[in-house]
There are 2 protein chains.
Amino acid sequence: MRRAREEQRTCVGPHLDTSSIEALEHTPVTPPTPRPRERGIPEATVARLPVYLRALQALNASGTPTISSEGLATAAGVNSAKLRKDLSYLGSYGTRGVGYDVEYLIYQISRELGLTKDWTVAIVGIGNLGRALANYGGFGTRGFRIAALLDADTAVVGREVAGLSVRHIDTLEEAVKMEKVSIGVIATPAAAAQGVCDRFVEAGVTSVLNFAPVVLNVPPGVDVRKVDLSIELQILAFHEQRKNGGHGRPGWIEAAEGL
Amino acid sequence: MRRAREEQRTCVGPHLDTSSIEALEHTPVTPPTPRPRERGIPEATVARLPVYLRALQALNASGTPTISSEGLATAAGVNSAKLRKDLSYLGSYGTRGVGYDVEYLIYQISRELGLTKDWTVAIVGIGNLGRALANYGGFGTRGFRIAALLDADTAVVGREVAGLSVRHIDTLEEAVKMEKVSIGVIATPAAAAQGVCDRFVEAGVTSVLNFAPVVLNVPPGVDVRKVDLSIELQILAFHEQRKNGGHGRPGWIEAAEGL
DNA sequence: CTGTGTGAAATTTTTCACAGCG
DNA sequence: CGCTGTGAAAAATTTCACACAG
């Protein structure tokens with residue numbers, strides 16, 4: 001019922017890039033396979049489920065047994081109408097006049113997101129960012145297992161990070177197969193990202209989380225999500241500019257008009 | 001003309017959270033000031049401008065003088081109709097029958113995003129992630145200047161990171177005022193994030209980029225953007241689950257030739 | 001009575017498709 | 001002629017508002 005259009009290749013959510021700069025001179029890259037995705041949940045809702053999940057886990061940790069849509073919405077930073085609509089896509093898991101059972105809803109959302117399975121992750125690029133990711137304990141609290149860390153720098157290879165020994169990038173294919181990696185994380189410099197991505201894809205990985213500031217080019221069927229620090233900053237800058245005509249905090253009388 | 005509704009507090013873009021879990025038991029937090037934002041450019045477009053900008057900079061670096069909407073769209077991973085529509089909000093900067101002048105368009109987008117001004121950034125939480133951010137040279141290539149690094153850990157305070165001496169968190173207010181910080185970046189553990197945010201806001205910062213896995217509660221007029229690693233992973237997991245019923249790679253290793 | 005679940009309305013975003021400029 | 005710029009149509013998302021279940 002929803003989603004029948006094609007959006008470039010197979011991408012999901014906001015900020016998902018796919019093509020590479022070099023592809024520019026070549027093929028129009030108009031993929032013939034939109035992959036309809038007939039199943040129900042809207043993308044916008046999927047993107048919020050993890051937020052609800054985290055709020056619920058906090059609630060659960062603090063011993064709250066049930067929560068109203070209003071309360072959960074506040075905790076998640078959305079309005080209650082949106083929350084109820086989102087949850088309604090999963091099913092009717094609330095109790096009218098009462099609210100939602102926190103634990104039950106945690107279970108349902110986790111199941112929907114596929115977190116009852118264990119996803120194996122490989123991180124390529126063990127610089128500061130890669131290390132931060134590797135050490136990020138709460139990688140979904142559960143559901144994700146970091147199985148391999150890889151880097152091209154021989155000074156890093158062999159070093160122990162987050163309890164794992166960093167492998168050489170040359171063993172990527174082997175690592176993917178041995179560990180059954182399903183999600184590849186790219187935390188390399190921009191120049192290396194596409195190459196790493198290609199190798200991930202070649203090895204059979206169909207989900208990639210990209211931290212490098214490049215648009216990755218992937219074949220249909222592969223999902224790429226991108227996290228881009230400078231893009232987020234630029235968006236903030238745009239709004240900041242709109243708020244007070246220039247730099248500084250409000251209250252700063254910076255005659256920075258024009259330029 | 002566009003945007004008249006209110007969406008929680010003053011937030012921008014996807015994944016922007018605001019309230020905190022504790023607020024849950026208290027006030028409905030319904031701000032009376034929606035801040036209309038009558039000015040033109042759609043939020044969805046703003047979020048893509050940085051992507052176009054980066055693609056253009058790559059083009060420029062490779063010596064390409066002009067580019068068609070088709071070419072730029074491919075480089076940016078969107079379709080050309082969307083690209084043209086987006087650019088049309090900025091003005092008519094293209095030449096029919098030809099395309100866009102790369103340098104000129106770079107200038108126009110930069111100006112629109114407010115990158116011709118310099119934004120001053122302070123990062124709180126100098127763990128692996130904070131260090132990664134501090135060292136991330138291409139913080140927008142330009143437009144952003146990291147002016148202060150702060151941490152609560154006395155073992156880190158005083159250490160030099162990315163050419164800056166890490167200050168103690170107690171000097172946050174002072175640092176914000178002295179350096180005229182306009183964007184605060186939070187890379188602390190979840191538990192500390194709201195407190196740091198409150199101090200940023202109190203000190204006059206109205207734009208916050210949050211890497212901590214919590215929903216921040218801010219007053220109206222303050223923009224919060226959130227980058228959340230585990231949320232991105234969970235979204236990928238959802239789609240991965242949809243693709244092949246379980247873990248592992250799909251059997252159809254129909255890789256792309258690439259290079 | 002309270003608060004969920006939901007059709008329907010409103011808004012935003014994307015896509016189409018084509019007039020017309022260079 | 002090719003490619004931009006853009007009204008108009010289509011699709012997706014958000015919000016409203018209320019019937020009704022517990």
Q: Give the rounded distance in Å between these two atoms: CG of B/L72 and P of D/dG2.
A: 21 Å
Q.
Can you tell me if B/S69 touches the phosphate of D/dC3, counting only side-chain N or O atoms and a distance under 4.0 Å to OP1 or OP2?
A. no
Q | Between C1' of C/dC16 and CG of B/N79, the distance in whole Å | A | 10 Å
Q.
Using the ring-ring contact (aromatic ring centres under 6.0 Å, His included) criterion, which residues pair with A/Y107? Sequence neighbours excluded.
A. none
Q: Please tell me which of the listed nucleotides, D/dT4, C/dT13, C/dT6, lies nearest to the side chain of A/S92?
A: C/dT6
Q | Test side-chain contact (heavy atoms from CB on, under 4.5 Å) applied to A/A81 - qualifying residues, sequence neighbours left out | A | A/N79
Polar atom pairs between nucleotides 18-22 of chain C and protein, under 3.5 Å, N or O only, would you list them?
none

Q.
With a 4.0 Å cutoff (strictly under), does any side-chain N or O of A/K82 reach OP1 or OP2 of D/dT15?
A. yes
Q) Quick one: side-chain contact (heavy atoms from CB on, under 4.5 Å) partners of A/Y104, sequence neighbours excluded? A) A/Y93, A/D101, A/Q108
Q.
Which residues pass the side chain to side chain donor-acceptor pair (under 3.5 Å) test with B/D198, not counting sequence neighbours?
A. B/Q194
Q | A/I67 CD1 to C/dT2 P, straight-line distance once rounded to whole Å | A | 17 Å
Q: Taking only the side-chain heavy atoms of A/A44 (C-beta and beyond), determine which of D/dC16, D/dT6, D/dT13 contains the nearest atom.
A: D/dT13
Q.
From the set D/dT13, C/dG7, C/dG5, return the single nucleotide nearest to any side-chain atom of A/Y100.
A. C/dG5
**Q.** Qualifying residues under side chain to side chain donor-acceptor pair (under 3.5 Å), relative to B/S69, sequence neighbours excluded
**A.** B/R84
(Q) Suppose we screen for side chain to side chain donor-acceptor pair (under 3.5 Å). Which residues come up paired with A/T188, at least two apart in sequence or across chains? (A) none
Q | Approximate separation, where rounding is to 0.5 Å, of B/T66 OG1 and B/L59 CG | A | 9.0 Å
Q: Kindly compute the distance separating CH2 (A/W119) from OG (A/S207), expressed to the nearest 0.5 Å.
A: 7.5 Å
Q: Could you check how far NZ of A/K85 sits from P of C/dA10, rounded to whole Å?
A: 15 Å
**Q.** Degree of bending, the helix from C/dC1-D/dG22 to C/dG22-D/dC1 (end axes from five pairs; round to 10°)
**A.** 10°
Q: Could you check how far CG of B/L83 sits from P of D/dT6, rounded to whole Å?
A: 14 Å
Q: Would you mind reading off the distance between B/Y89 atom OH and D/dT4 atom P, rounded to a whole angstrom?
A: 17 Å
(Q) Using the side chain to side chain donor-acceptor pair (under 3.5 Å) criterion, which residues pair with A/Y52? Sequence neighbours excluded. (A) A/R48, A/D86
**Q.** A/E70 CD to D/dC16 P, straight-line distance once rounded to whole Å
**A.** 12 Å
Q.
Whole angstroms only, please: what is the CG-C1' distance between B/D86 and D/dG5?
A. 13 Å
